[in-house]
Each structure stands twice: as structure tokens, then as C-alpha cells.
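Values in this document were obtained by computation on a predicted structure and should not be read as measured data. Labels below follow one simple rule: chain letters A, B, ... track the order of the sequence lines, proteins then strands, and each chain is numbered from 1.
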There are 2 protein chains.
Amino acid sequence: MKLKKKDRQEKLNQAIEKTPFITDEELAEQFQVSIQTIRLDRMELGIPEVRKRIESVAQENWDETLKALPAAEVIGEVIDLELDQSAISILDIQAEHVFSRNQIARGHHLFAQANSLCVAVIDDELALTVNASIQFKRSVRLNERVVAKAKVINTDKKRTTVEVNSHVGKELVFSGTFEMYRSTDR
Amino acid sequence: MKLKKKDRQEKLNQAIEKTPFITDEELAEQFQVSIQTIRLDRMELGIPEVRKRIESVAQENWDETLKALPAAEVIGEVIDLELDQSAISILDIQAEHVFSRNQIARGHHLFAQANSLCVAVIDDELALTVNASIQFKRSVRLNERVVAKAKVINTDKKRTTVEVNSHVGKELVFSGTFEMYRSTDR
DNA sequence: ATTACTATTAGGACCTAGTCATAATACTGG
DNA sequence: CCAGTATTATGACTAGGTCCTAATAGTAAT
């Protein structure tokens with residue numbers, strides 16, 4: 001049986017969310033309704049046409065790569081950044097981050113969040129990690145939100161030491177000390 | 001004075017590189033030539049129309065955010081594995097692994113290779129990283145092949161210590177000691 | 001069954017940002 | 001001045017729409 005309007009609109013929303021590149025024609029085919037129905041649905045749901053959708057996906061990317069801050073290169077989303085001082089990013093643990101067996105996040109994602117935040121916090125063209133000492137305090141599960149806070153604790157001529165503590169709620173889940181190399185002297 | 005064809009085409013290329021969202025009409029205005037001239041130029045230079053350009057920027061963004069760090073069980077390709085003893089994997093550094101600025105591999109990819117190899121080498125349902133101490137010995141560049149060798153150096157009731165050394169050719173590029181937690185006793 | 005209402009489909013005019021082909025005009029070097 | 005290149009103009013056509021009007025289908029209540 002064909003879907004009712006409400007169900008169809010819900011699925012439509014999901015379909016477009018998942019593949020913003022899909023045209024009305026393809027959607028009409030997929031839901032076995034006319035193109036006009038799809039268009040009415042989009043109107044009611046306030047979903048723009050495929051070219052506008054594509055453009056906004058592109059725009060997101062572009063803004064970030066244009067920013068002086070290498071935001072696109074940070075794993076997670078940077079929500080605060082004071083160069084050479086501190087930075088905060090959040091990472092929502094999703095299906096692709098966990099072991100399917102037990103829904104526990106793979107350690108390297110937490111490491112990646114912390115490490116890339118360290119790179120971002122340093123005001124330098126070429127910041128590289130030299131050493132790191134890290135502890136995984138407790139395992140992080142699917143759908144948890146990891147907030148990583150990086151703090152610069154020492155800076156000398158060529159090296160910067162950054163401490164990162166990552167929490168889920170009030171619980172510390174990860175902590176690490178990163179020694180970073182800079183290309184420019186201080 | 002107006003630019004000669006060759007100069008214009010060169011500048012055109014740069015302009016589109018910089019702002020792929022620009023239309024032929026806007027370009028025509030900018031270079032003070034007709035739209036048709038811009039179109040001829042694009043033809044000769046093999047530059048697609050604005051919608052295609054936008055789409056490809058969007059496309060890049062789309063699968064990159066999905067594969068920032070892939071979901072595979074092991075990052076890299078396992079070429080040898082003796083459970084609870086040793087393992088070897090290789091990772092070819094490609095464009096998605098490097099900073100675009102300087103073509104140097106982001107540290108977390110090397111970490112991910114090593115960390116996931118540690119998980120794989122342990123014969124356990126639920127192996128998790130507890131601590132790690134790592135050193136990035138030299139930076140790895142685009143197109144280099146990283147060979148990671150993991151060796152179990154100690155095993156007690158609940159913990160296993162694994163040492164990983166990663167080389168590009170004969171050069172050591174990464175080394176680390178990982179303390180892993182097992183769910184089952186030994 | 002008739003009415004009332006919503007949902008769906010259809011059609012036409014118009015839009016943008018193009019492609020492709022043809023033709024006319026302008027510029028430039030020998 | 002003429003040839004060859006560069007530029008501009010024009011018209012027909014395209015995809016993937018918007019916006020508006022109108023017809024038809026389905027359903028629920030009286």
C-alpha cells in the first residue's frame with residue numbers, strides 16, 4: 001500500500017537529508033507519486049530545490065576551507081578557540097565511530113579529536129605532533145557527546161606542550177599531553 | 001587596456017579556482033567581455049559550468065566528512081597477523097590523509113593505524129586501549145607507504161602491552177607503546 | 001448518495017544558467 | 001588590404017526547477 005501524506009513527507013525529509021543531491025524526478029519515482037506531489041511536499045516542509053541544496057553543501061565546505069583556522073581539518077566541531085591558549089571541540093559519537101560488536105568508540109577517534117585540536121590551537125603554519133602520552137579513562141559509547149578541551153601549558157622556542165581533557169558530561173573519558181613542533185620560532 | 005585572450009584565460013582560471021560559485025554572467029562583467037567569450041574560454045580550458053562546479057565542491061565535502069576516519073576494523077591493510085604475538089599492516093598515504101598546505105600526513109592517521117593494529121593483534125572480543133605513549137619520529141608525506149609492526153611485549157591477567165614501530169622504507173617514522181585492556185583473563 | 005474537504009495530478013508560462021551551432025562583425029599581423 | 005583569429009550575436013534547446021490555475025480522486029460525515 002502507498003504511504004499516507006504524513007508518512008511520505010517524513011520519509012522524504014530523511015531521503016533528502018541522506019542524499020541531498022536527489023532530484024524531484026527521482027524522488028517521484030522512488031515514492032511512486034507525481035513530481036507535483038513531491039514539489040508540494042517540499043513546499044510544505046520548506047525544503048529548497050536540489051540545486052540550492054547542493055549549493056549549501058558546497059558552501060559549508062567552502063567557508064571552512066577559506067577560514068584561516070583549519071576548521072575543516074579538525075575532527076569534531078570547534079566551538080571555541082583562542083590561539084596559543086585554549087580550544088574546545090565537540091564530537092558526537094556516531095555509528096561509524098564505534099565497534100559494531102559493543103558500541104564502544106574506537107580509541108583513535110578520541111585521539112584524532114584531541115590531536116587535531118592541538119594542531120588547531122597552535123598559531124602556526126606547520127604544527128606537528130612530536131610525542132603524546134594519553135590515557136583512555138573510560139570507554140565512550142554510541143550517541144555520547146565528547147567535549148575536548150585543549151590548554152597550552154608550555155611554550156618554548158620550537159615546542160609547545162598542550163594538555164587535552166575530554167569529557168562526556170562530567171566524566172573524564174580521555175586525557176593526554178601532546179608535545180607539538182612549530183615551524184616558526186616564538 | 002583590455003587583456004589579451006591568453007592573459008584573460010589565465011586570470012579566468014584563477015578566478016574560478018578562487019570562487020567556483022561565480023556565473024558566466026558575473027565573469028563577463030568582471031572581465032568586460034561578452035558572456036559568449038567567457039563560454040568559449042571555458043570550453044577551451046575544459047572548465048565545466050557553474051552548477052557542475054558547485055556540485056563537485058559539494059560532492060567532495062560529502063564523502064570527505066563521511067570518511068574522515070574510515071569505519072574499517074583496521075586502518076590500513078593487515079598483511080601478517082599472529083594472535084597475541086605480532087602483526088603488520090601497511091597504509092598508503094593518500095590525499096585524504098594529509099594537510100593540504102604541506103602534504104604531510106596528519107598524526108592521527110598514523111596513530112589510528114597503530115592503535116587499530118593493537119586491537120587486532122589481541123585475541124579478545126573486547127580489546128580497548130587504556131594508555132599510550134607515542135612518538136612521531138619524522139613526518140610522513142603524500143604517497144609514502146607506512147609499514148606498522150606491532151609486537152606484544154607483555155601480558156598479564158587483564159592487560160597487554162604492545163609496542164608498535166612504523167617505518168617508511170628503512171626510516172622509523174612513528175613508535176608507540178600501547179597498554180591494552182582485555183575483557184577475558186589470560 | 002450527496003456534499004465538503006483534502007490530496008493528488010496536470011498543464012502552461014516563466015526562470016536561470018547553461019549547451020550547441022551558425023553567422024556576423026572586429027581586430028591584428030604580414 | 002586581406003587572411004586568420006577573436007569576439008559578439010542570435011536562435012533553438014536543456015534541466016530542474018517556480019508559480020499559478022484547474023481538473024480529478026479519495027475519504028469522511030451528514
Residue [X] excluded, over 12 heavy atoms near [atom1] under 6.0 Å:
X        : atom1 : answer
A:Gln30  : CD    : yes
B:Glu77  : CD    : no
B:Arg141 : CZ    : yes

Taking the side chain of A:Val50 as heavy atoms from C-beta outward, which of D:dG17, C:dA17, C:dT8 is closest to it?
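The answer is D:dG17, which lies nearest to the side chain.
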
Any idea which of C:dT8, D:dA6, D:dG16 is nearest the A:Glu25 side chain?
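Shortest atom-to-atom distance from the side chain points to D:dG16.
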
How many Å lie between [atom1] on [X] and [atom2] on [N], as a whole number?
X       : N      : atom1 : atom2 : answer
B:Asp41 : D:dA6  : CG    : P     : 10 Å
A:Ile35 : D:dG17 : CD1   : P     : 8 Å
B:Lys5  : D:dT8  : NZ    : P     : 12 Å
A:Arg53 : D:dG16 : CZ    : P     : 12 Å
A:Ile54 : D:dA15 : CD1   : C1'   : 12 Å
A:Glu44 : C:dT8  : CD    : C1'   : 11 Å
A:Gln32 : C:dT9  : CD    : C1'   : 14 Å

All N/O pairs under 3.5 Å across the protein-nucleotides 13-16 of chain C interface:
residue	atom	partner	partner atom	Å
C:dT16	O2	B:Arg51	NH2	2.6

Using a 4.5 Å cut-off between side-chain heavy atoms of Ile, Leu, Val, Met, Phe, Trp and Tyr, which other residues end up in the same hydrophobic cluster as B:Ile35?
none

Where along nucleotides 19-30 of chain C does protein come under 4.0 Å, by heavy atom, of base (B) or sugar-phosphate alone (S), with - for untouched nucleotides?
BS----------

Let's go through B:Arg159 and B:Val130 carefully: what are the C-alpha distance in whole Å and the side-chain angles of both, what is the deciding distance for side-chain contact (heavy atoms from CB on, under 4.5 Å) to 0.1 Å, and is it a yes or a no?
CA-CA 9 Å; B:Arg159 304 285 170 102; B:Val130 181; 3.8 Å; yes

For A:Leu40, report the nucleic acid contact type (base, sugar-phosphate, nothing); a contact means any heavy atom under 4.0 Å.
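Base, at least one base atom sits under 4.0 Å.
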
Which residues in residues 7-18 of chain A have a heavy atom closer than 4.0 Å to any atom of DNA chain C?
A:Arg8

Does A:Lys5 pair with A:Glu44 as a salt bridge, N-O distance under 4.0 Å?
yes

Taking all heavy atoms of B:Ala148 and all of B:Leu117, pick out the closest pair and write down the distance.
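B:Ala148 and B:Leu117 have their closest heavy atoms at O-CD2, 3.6 Å.
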
If you round to the nearest 0.5 Å, how far is OG of B:Ser86 from CG of B:Asp80?
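It is 5.5 Å, given to the nearest 0.5 Å.
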
Can you name the side-chain hydrogen bond (donor to acceptor under 3.5 Å, both in side chains) partners of A:Thr23, sequence neighbours left out?
A:Glu26

Which atom pairs, one a donor and one an acceptor, fall under 3.5 Å between side chains of residues 166-174 of chain B and the rest of the protein, sequence neighbours left out?
residue	atom	partner	partner atom	Å
B:Glu171	OE1	B:Arg138	NE	3.2
B:Glu171	OE1	B:Arg138	NH2	3.3
B:Glu171	OE2	B:Arg138	NE	3.2

side-chain contact (heavy atoms from CB on, under 4.5 Å) evaluation trace for B:Phe136 with A:Asn131
CA-CA 6 Å; B:Phe136 293 91; A:Asn131 297 308; over 6 Å; no

Establish, with yes or no, whether the OP1 or OP2 oxygen of C:dT9 is under 4.0 angstrom from a side-chain nitrogen or oxygen of A:Thr37.
yes

